[in-house]
> 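Have a look at this one.
Letters A, B, ... are given to chains in the order of the sequence lines, protein chains preceding strands, and every chain is numbered from 1.
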Protein chains: 2
Amino acid sequence: MIKIGILGYGNIGRGVEAAVTNANDMELAGVFTRRDPESVETETGAKVYKVDDLYNMKDEIDVLMLCGGSANDLPVQTPEFAKYFNVIDSFDTHAKIPEHFENVNKSALEGENVAIISVGWDPGLFSLNRLYAQSILPNGNDYTFWGKGVSQGHSDAIRNIPSVKDARQYTIPVESALNAVRNGENPELTTRDKHTRDCYVVAEEGADKKQIENDIVTMPNYFDEYDTTVTFITQEELDANHAGIPHGGIVFRSGTTGLNNEMSHIIEYKLTLDSNPQFTASVLIAYARAAYRLSKNGESGCKTVFDIAPGLLHPESPEFQRKNCL
Amino acid sequence: MIKIGILGYGNIGRGVEAAVTNANDMELAGVFTRRDPESVETETGAKVYKVDDLYNMKDEIDVLMLCGGSANDLPVQTPEFAKYFNVIDSFDTHAKIPEHFENVNKSALEGENVAIISVGWDPGLFSLNRLYAQSILPNGNDYTFWGKGVSQGHSDAIRNIPSVKDARQYTIPVESALNAVRNGENPELTTRDKHTRDCYVVAEEGADKKQIENDIVTMPNYFDEYDTTVTFITQEELDANHAGIPHGGIVFRSGTTGLNNEMSHIIEYKLTLDSNPQFTASVLIAYARAAYRLSKNGESGCKTVFDIAPGLLHPESPEFQRKNCL
């Protein structure tokens, strides 16, 4: 059994807890938190420890899942804990991945551990599909669409507007853009062409709704480059109809082959997810299995999904995989 | 530059020839054939040699692409040439992969070469997607659909019927079955539920068309378990409208996560291909790059797509990949 530790007990941490119960070759060693452990109740009854307890539990954990945020937690935690554990994180600040990789690699080599960073679906499975498809169709265009799904960042941005009590923002791909790509038209798409943004907003009593709507649709970076719809609803409606965290998206490669580029091909990879954090956690857990196997095999250092042979993710043996999956 | 040899100059061999011209880091060392080399003219003007010339050209070829058939050629050729070259094949007799793997592995270890077998899209990219998706969603169902596309095997089977001059068979996924899977209904699907078969047949003059149609739709294994449509056309119509070799298909994983399987997720991987052999050849060429890199790194033995880290397929460096693809 692979012994899994969870650091950080938010949505992703709870998702990892659930994913471990669905993996026949894994068991949960414990949840680690910066909060008072007494104040945290886990969904499976798994034991909760203080972060500092980790330093005394090296032998009780095979892979530590770092379930904090990319802005403040992971840039510190992944390099720190890669010194002592095999670790997996879901660092998703694309622009800072090279720097994060270098920091984590140094620690992981020093501690002779395996660290796999930026695991999830984007970065993660979507990155893999971009890489595979570019490798197969060097002449072509990439298209990535997100949604329909909840963007936590955009929902937070709306909640920060004065007189807004609560909000939920959905990112929605534009159907005509999807169809143009599927038809092999290789369209040039602006930001506005690709996605629309739907906002459900709970305003405080007596708020100036026109002002709130204007503040949203003109917000730089978040909304100004998109066609944005704002709908005011009650807190009850939001709680009843918008409590979930669905997401998903599509990665396309539209490319040509032949001596005169006479043949066209479309590769499409689509995710439709009821729960973004539970699915992300399920990807993390598959890569935990790979980290464990690589570490047992004497490897160390920082890796990404690009470095991991797919067979390492699957619970069964290479012989089984060749017989049943190939 | 990676020097590529091609053994067998049919549709796949010609596809590899074209794919090499689209790869900036590769060049064609030569085409090798069992026919009289004088009788073979390549599309790029590449030099043509006899098969036996291979034994004298070990230093001029980094990776040999085995482009023969799975029934008779590859079971002999791949073990033979893995003794002398890094090799790639597209062996697609699923049931015989374990045996083929063992034979090729022995030769490749003996010759200290890298052999990657069963490369293409099914087996190949579809297998990879089944494996990744099973690893991420252990609770779930797999669905593989093929088409719309030309099945060479089924077209040949029709051509073997008396009084049939020519034929083209299309495999077509049933739209309602696709939609049921996409909706997360996890349907149980029979062979008949998943695909229909459309046949375009050129009959000889005076042939009994009713008899031909009956021979097709009742043919065991090939057609009897499917809803099959037979349309008689002229040779001119067949040549004009059915000359291409398009194909494709979809791999789905429909799975659940959560402590009570309360969240559903769909992973969909779809290929839409103008030319089955050109696309297959493009996959082969990407894996040739991986075989070359692994061999340079001192590895040997037989591998499948499950053993190959994705980054090895991409022409750019790991640093570039992390910065631009992750």
> Which heavy-atom pair separates A:Val48 from A:Val40 by the least distance, and what is that distance?
CG2-O, 3.7 Å
> Considering heavy atoms only, which positions within residues 299-306 of chain A lie below 4.5 Å of chain B?
A:Thr304, A:Val305, A:Phe306
> Quick one: are B:Tyr143 and B:Ile266 in side-chain contact, heavy atoms under 4.5 Å?
no
> Is the shortest heavy-atom distance from the side chain of B:Tyr9 to the side chain of B:Glu17 under 4.5 Å?
yes
> When only pairs under 4.5 Å are counted, which of B:Asn261, B:Asp142, B:Leu128, B:Asp307 shares the most heavy-atom pairs with chain A?
B:Leu128
> What are the two closest heavy atoms between A:Ala180 and A:Pro187, and how far apart are they?
CB-CG, 3.9 Å
> Do the side chains of A:Gln152 and A:Ile245 get nearer than 4.5 Å, heavy atoms only?
yes
> Looking at OH of B:Tyr132 and OH of A:Tyr132, how far apart are the two atoms once the value is rounded to the nearest 0.5 Å?
3.0 Å
> Between A:Arg14 and chain B, which part of the residue has a heavy atom less than 4.5 Å away: side chain, backbone, both or neither?
neither
> Answer whether the closest heavy-atom distance between the side chains of A:Val63 and A:Met65 falls below 4.5 Å.
yes
> For B:Leu125, is it the side chain, the backbone, both, or neither that has a heavy atom closer than 4.5 Å to a heavy atom of chain A?
side chain
> Let me confirm one number: the OG1-NZ distance from B:Thr272 to B:Lys270, rounded to the nearest 0.5 Å.
5.0 Å
> Say you draw a straight line from OH of A:Tyr287 to CG of A:Leu312; how long is it, rounded to the nearest 0.5 Å?
9.5 Å
> Determine whether A:Trp121 and A:Tyr269 make a side-chain contact, defined as any pair of heavy atoms from C-beta on separated by less than 4.5 Å.
no
> Relative to chain B, which of A:Glu319, A:Lys323, A:Glu262, A:Gln134 shows the most heavy atom pairs under 4.5 Å?
A:Gln134
> To the nearest 0.5 Å, tell me how far B:Cys67 SG sits from B:Leu74 CG.
8.5 Å
> Grab the two heavy atoms, one from A:Pro173 and one from A:Trp146, that are nearest each other, plus how far apart they are.
CD-O, 3.5 Å
> Between chain A and each of B:Leu326, B:Asp122, B:Asn260, count heavy-atom pairs under 4.5 Å; write down the option with the most.
B:Leu326
> Between A:Leu284, A:Val283, A:Thr44, A:Asn129, which shows the greatest number of heavy-atom pairs under 4.5 Å with chain B?
A:Val283
> Could you tell me which portion of A:Phe126 (side chain, backbone, both or neither) has an atom closer than 4.5 angstrom to a non-hydrogen atom of chain B?
neither
> Give the member of B:Arg182, B:Gln278, B:Arg289 that has the highest number of heavy-atom pairs under 4.5 Å with chain A.
B:Gln278
> In terms of heavy-atom proximity below 4.5 Å to chain A, should B:Phe101 be classed as side chain, backbone, both, or neither?
side chain
> Are side-chain heavy atoms of B:Val114 and B:Tyr292 found at a separation under 4.5 Å?
no
> Using a 4.5 Å heavy-atom cutoff, which residues in residues 18-25 of chain A come close to chain B?
A:Ala18, A:Thr21, A:Asn22
> Answer with side chain, backbone, both or neither: which region of A:Ile308 has an atom nearer than 4.5 Å to a non-hydrogen atom of chain B?
backbone
> Name, in order of residue number, those residues of residues 91-100 of chain A that have a heavy atom at a distance of less than 4.5 Å from a heavy atom in chain B; otherwise write 'none'.
A:His94, A:Ile97, A:Pro98
> When rounded to the nearest 0.5 angstrom, what distance separates CG in B:Asn183 from CG in B:Asn179?
6.0 Å
> Measuring from atom CZ of A:Phe279 to atom CG of A:Asp274, what distance do you get when rounded to the nearest 0.5 angstrom?
11.5 Å
> Can you give me the closest heavy-atom contact between B:Ile267 and B:Ala133, atom names plus distance?
CD1-CB, 3.8 Å
> Can you say whether B:Arg130 sits under 4.5 Å from chain A via the side chain, the backbone, both, or neither, judging by heavy atoms?
side chain
> Which pair of heavy atoms, one from B:His314 and one from B:Cys325, lies closest together, and at what distance?
NE2-SG, 4.0 Å
> What residues of residues 248-257 of chain B sit under 4.5 Å from chain A when only non-hydrogen atoms are counted?
B:Thr257
> Tell me, out of A:Leu131, A:Leu137, A:Leu273, who's got the most heavy-atom pairs with chain B below 4.5 Å.
A:Leu131
> Between B:Ser295 and B:Ala291 (side chain of the first, backbone of the second, donor and acceptor by atom type, cut-off under 3.5 Å), is there such a pair?
no
> How close do A:Val150 and A:Gly244 get, heavy atom to heavy atom, and via which atoms?
CG2-O, 3.9 Å
> Just give me the residue among A:Ala281, A:Gly258, A:Ala286 that pairs up with chain B most often, heavy atom to heavy atom, under 4.5 Å.
A:Gly258
> Looking at A:Met263, A:His265, A:Glu316, which one has more heavy-atom pairs under 4.5 Å with chain B than the rest?
A:His265
> Let me know if B:Asn324 has heavy atoms under 4.5 Å from chain A in its side chain, its backbone, both or neither.
neither
> Between chain B and each of A:Pro138, A:Ser264, A:Pro123, count heavy-atom pairs under 4.5 Å; write down the option with the most.
A:Ser264
